[in-house]
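Worksheet for the structure shown next.
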Amino acid sequence: MSTFEKTILFTESDGRARFRTDTLSLSEGKPQARLSPLMASGGFQLRRSPVGFRSEFHCTENPQWLFVLEGQMEIGLQDGSSRIFGPGQHFYSADVLPAGATFDPTVHGHWSRQVGPDELVTLFVRG
């Protein structure tokens, strides 16, 4: 049986965004084309971000998969760490604001930015 590595951006119990890795079982399909079980989605959006784009710290409003189609995207966390995702790479963005919390840009969320000479094209699939 094959697996699929799922990078997850999530909110830790201290309210800060973190990355972790999980695996999804590819238990469906045929030996030549392993599939995961069907997952529900709430639609998708495409986004094009120009060279130089950078967001402020923010939380994900609705958990969603993010797939980089073109260019590179860097995600930065409050602890100063960051990861760069390129074409064909993905992560599941689920760093929502903790229940009852008021957003604090020094504690919560992540920032994102376009990296390199090419504009960034991404696909968001709601979870």
Side-chain angles (χ1 to χ4, degrees):
M1 184 181 321
S2 298
T3 59
F4 181 87
E5 188 172 282
K6 178 180 179 182
T7 300
I8 304 168
L9 175 62
F10 72 103
T11 303
E12 185 64 79
S13 60
D14 63 1
R16 295 186 182 274
R18 301 275 192 271
F19 282 108
R20 76 171 181 255
T21 302
D22 198 1
T23 55
L24 297 174
S25 173
L26 299 180
S27 58
E28 308 284 325
K30 299 177 181 179
Q32 302 89 340
R34 304 304 306 164
L35 298 168
S36 70
L38 188 61
M39 295 178 248
S41 68
F44 68 91
Q45 291 179 297
L46 293 162
R47 182 175 83 180
R48 190 176 294 274
S49 301
V51 171
F53 164 79
R54 182 184 171 127
S55 75
E56 300 295 323
F57 274 99
H58 63 281
C59 288
T60 301
E61 291 184 24
N62 298 291
Q64 59 193 349
W65 288 91
L66 183 141
F67 298 88
V68 176
L69 303 177
E70 297 177 26
Q72 292 184 309
M73 176 182 224
E74 183 175 17
I75 302 296
L77 306 182
Q78 294 286 352
D79 65 7
S81 67
S82 68
R83 288 192 187 186
I84 294 177
F85 297 87
Q89 294 184 308
H90 68 277
F91 62 94
Y92 187 73
S93 186
D95 68 324
V96 296
L97 188 63
T102 300
F103 180 74
D104 179 345
T106 65
V107 175
H108 302 116
H110 67 278
W111 55 259
S112 62
R113 74 179 182 115
Q114 172 278 337
V115 177
D118 301 317
E119 70 180 353
L120 173 64
V121 180
T122 50
L123 169 67
F124 297 91
V125 180
R126 291 263 173 102

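This one's a predicted model, so the numbers in the text were calculated from it and none came from an experiment. We're numbering straight along the sequence, starting at 1.
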Expected output: side-chain [X] to main-chain [Y] donor-acceptor under 3.5 Å:
X      : Y     : answer
Thr11  : Val96 : yes
Ser112 : Ser55 : no
Glu56  : His58 : no

Would [X] end up clustered with [Y] when hydrophobic side chains under 4.5 Å apart are linked, directly or stepwise?
X      : Y     : result
Tyr92  : Leu97 : no
Leu46  : Leu66 : no
Val125 : Leu69 : yes

Do [X] and [Y] come within less than 4.5 Å of each other through their side chains, counting heavy atoms only?
X     : Y     : value
Ile75 : Met73 : yes
Lys6  : Trp65 : yes
Phe10 : Asp95 : no

Ring of Phe124, cation from Arg47 - is the NZ or CZ under 6.0 Å from the centre and inside 45° of the axis?
no
List the atom pairs, donor and acceptor, that lie under 3.5 Å between side-chain atoms in residues 77-87 and the rest of the protein, sequence neighbours left out.
from	atom 1	to	atom 2	distance (Å)
Gln78	NE2	Pro105	O	3.0
Gln78	NE2	His108	O	2.8
Asp79	OD1	Ser81	N	2.8
Asp79	OD1	Ser81	OG	2.6
Ser82	OG	Glu74	OE2	2.6

Phe4-His90 aromatic ring centre distance below 6.0 Å
yes
Got a sec, which residues hit salt bridge (Lys or Arg N to Asp or Glu O under 4.0 Å) with Arg48, two or more places apart in sequence or on another chain?
Glu119
